[in-house]
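Count residues from 1 along the sequence.
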Amino acid sequence: MDEYLIYTTKAGDTFDSIALELYSDEKLSSRIIDLNPQMADVLIFDANVELRAPIIEEDADTPGTAPPWRR
């Protein structure tokens, strides 16, 4: 089984915002959804929901994919 961490949501979090916070890449939100299929239909989270999030090793040779104003 892949390794993952537990992320506790803040009120107003979305899968996109969580991926941006954890990985600096909103496109990785699908990886979080894959680990939490029971929550896939949630658009905006309440506070204190525990989600599994994959541990993704960042490639040191690959620059961040977020636009400059989000870095």
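Side-chain contact between Tyr23 and Arg31 is absent, with no heavy-atom pair separated by less than 4.5 Å. Counting heavy atoms from C-beta on, the side chains of Phe45 and Ser17 never come closer than 4.5 Å.
Every pair tested for salt bridge (Lys or Arg N to Asp or Glu O under 4.0 Å) that includes a residue from residues 34-43 fails, sequence neighbours excluded, so the list is empty.
Arg52 and Leu35 make their closest contact through NH2-O, 2.7 Å (heavy atoms, listed as atom of the first residue, atom of the second, distance). The minimum heavy-atom distance between Ile44 and Gly12, with the atom names listed, is CG2-CA, 3.6 Å. Minimum interatomic distance between Ala19 and Ser29 (heavy atoms only, all atoms of both residues): CB-N, 3.5 Å.
In this structure, OG1 on Thr14 lies 10.5 Å from CD on Glu21, to the nearest 0.5 angstrom. Rounding to the nearest 0.5 Å gives a distance of 13.0 Å between CG of Asp13 and CG of Leu43. Leu28 contributes atom CG, which lies 10.5 Å from atom CG of Asp16 (distance to the nearest 0.5 angstrom).
The only option from Val42, Ile18, Ile6 that meets the side-chain contact (heavy atoms from CB on, under 4.5 Å) definition with Leu51 turns out to be Ile18.
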Notebook entry, point to check: Where do Tyr7 and Ile32 land on the side chain to side chain contact (heavy atoms under 4.5 Å, CB included) test, with the steps shown first?
Noted result: CA-CA 10 Å; Tyr7 177 85; Ile32 302 169; over 6 Å; no
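Under a 3.5 Å cut-off, the side chain of Thr9 and the backbone N or O of Asp46 do form a donor-acceptor pair.
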